[in-house]
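One structure below.
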Amino acid sequence: MTLRPPPSRRVGPVTRTDIVRFAGAGGDFNPLHHDPEAARRAGFDDVIAMGQFQAGVLAGFLTDWVGVENLRSLEVRFVAPVRLGDTIEVSAKVGSAESGVTQISLTASAGPTIVVTAEASVADPSS
Amino acid sequence: MILLVRPKEVKVAGIPIGGIVDVVEFTVEAGKIREFARATFTEDPRHLTRELATATHSVVTGHYRDQRDFVARLGLAIERIVVGSVSWQYSRPLLAGDRLVATRRVEADLVRESKRGPMRLVTLATEFVDQGGETALVQREVLIERPSA
């Protein structure tokens with residue numbers, strides 16, 4: 001099977017509501033992600049998204065395409081923070097395939113800034 | 001950014017390698033699957049109708065943990081921590097109704113020199129074991145404690 005990546009996915013502009021919704025979904029109540037004063041004390045202008053938010057957006061883009069049951073591994077590296085108003089764009093490149101498992105590289109960017117990079121291995125649905 | 005000086009095991013306050021950080025028992029809930037899918041803009045309709053969890057659903061264990069407590073027990077300064085990376089290895093996807101026991105252990109605890117001083121890197125590995133005693137997935141996260149100013 002040859003995987004062909006779908007068009008990139010754009011999510012945003014990221015709102016305070018998006019961040020709070022994810023906090024409620026995942027249970028991350030670090031004030032950095034909902035309290036502007038806490039964010040300022042940490043050196044940011046306002047709250048930032050938690051890394052797991054952009055990881056979840058990236059993973060959703062991937063599994064909507066390949067099927068979550070075929071995902072064998074996913075490794076996500078957090079490169080830069082996602083701020084309010086950022087639009088996240090996620091895209092994928094298909095790498096090598098061996099023994100029914102395909103390697104996929106993913107990137108999430110906010111404008112010109114890469115915020116997350118990821119590597120995934122995906123099993124051929126027929127294997 | 002990171003100078004790759006030979007890493008070394010640290011002897012600082014914390015939990016020894018292989019030591020348990022915390023254990024969480026929880027049930028994968030259909031409503032939480034939908035909530036998490038919506039919060040991550042995940043569109044596969046099976047998250048709504050067939051109760052198949054999203055890839056990073058294991059993150060919901062945050063609801064059962066005390067972030068400040070485990071960070072303190074690891075001997076880390078919470079205001080200097082960033083999460084460098086997270087990975088998941090899957091045996092199967094999670095389904096609504098799964099009863100899971102998630103045991104989180106310290107897998108590595110290293111110090112690396114950087115331009116601004118020593119940085120501590122703590123790797124935590126969480127094994128999610130299902131009601132049949134099988135490992136459904138393993139999640140790893142690398143916590144980075146930045147140098148103190």
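Since this is a predicted model, take the numbers as computed values, not measurements. Protein chains get the first letters and strands the later ones, always in sequence-line order, with residue 1 at the start of each.
- Looking at B:Glu35, both its backbone and its side chain come within 4.5 Å of chain A, counting heavy atoms on both sides.
- Between A:Gln52 and the options B:Val83, B:Val59, B:Thr40, a side-chain contact (heavy atoms from CB on, under 4.5 Å) holds for only B:Val59.
- The line from CG of A:Leu32 to CD1 of B:Ile81 is 12.0 Å long, rounded to the nearest 0.5 Å.
- With a threshold of 4.5 angstrom between heavy atoms, B:Ala53 approaches chain A through N, CA, C or O but not through any side-chain atom.
- By the rule that hydrophobic residues join a cluster once side-chain heavy atoms approach within less than 4.5 Å of another member, B:Tyr64 and A:Met50 end up as members of one cluster.
- Of all heavy-atom pairs between A:Thr63 and B:Ala55, the closest is CG2-CB, 3.9 Å.
- Chain B forms the most heavy-atom pairs under 4.5 Å with one residue out of A:Val11, A:Leu62, A:Val116, and that residue is A:Val11.
- Rounding to the nearest 0.5 angstrom, the gap separating the CZ atom in A:Phe53 from the CZ atom in B:Phe41 is 5.0 Å.
- Between A:Leu71 atom CG and B:Thr54 atom OG1 the span is 11.0 Å, to the nearest 0.5 Å.
- Nearest heavy atom pair, residue A:Glu75 against residue B:Ser85, reads OE2-OG, 4.3 Å.
- Only the side chain of B:His47 comes within contact range of chain A, judged by heavy atoms closer than 4.5 Å.
- With A:Asp64 contributing its side chain and B:Asp44 its backbone, the two residues share a donor-acceptor pair below 3.5 Å.
- Hydrophobic cluster membership is shared by A:Val47 and B:Ile78, with clusters built from Ile, Leu, Val, Met, Phe, Trp and Tyr side chains linked at under 4.5 angstrom.
- Cluster membership for B:Val60 and B:Val129, using ILVMFWY side-chain heavy atoms within less than 4.5 angstrom, is not shared.
- Under the 4.5 Å side-chain heavy-atom criterion for ILVMFWY residues, no single connected hydrophobic cluster contains both B:Phe26 and B:Val23.
- Within 6.0 Å of the CZ atom in B:Arg116, the count of heavy atoms belonging to other residues, nucleotides or ligands does not exceed 12.
- The CZ atom of A:Phe61 sits 10.5 Å away from atom CD of B:Glu43, with the distance rounded to the nearest 0.5 Å.
- Under the 4.5 Å side-chain heavy-atom criterion for grouping Ile, Leu, Val, Met, Phe, Trp and Tyr, B:Val138 is not connected to B:Tyr90 through any hydrophobic cluster.
- For A:Arg77, the CZ atom counts as loosely surrounded, since its 6.0 Å shell holds 12 or fewer non-hydrogen atoms of other residues, nucleotides or ligands.
- A:Asp45 CG: 12 or fewer foreign heavy atoms inside a 6.0 Å radius.
- A 6.0 Å sphere centred on CD1 of A:Ile114 holds no more than 12 heavy atoms belonging to other residues, nucleotides or ligands.
- Remark: B:Trp88 CH2 to A:Ser73 OG distance equals 11.5 Å, nearest 0.5 Å.
- With a 4.5 angstrom heavy-atom cutoff, B:Arg140 does not touch chain A via any of its atoms.
- For B:Arg92, the CZ atom is densely surrounded, since the number of other residues' heavy atoms within 6.0 Å is greater than 12.
- Distance check: B:Thr42 OG1 to A:Arg9 CZ gives 6.5 Å after rounding to the nearest 0.5 Å.
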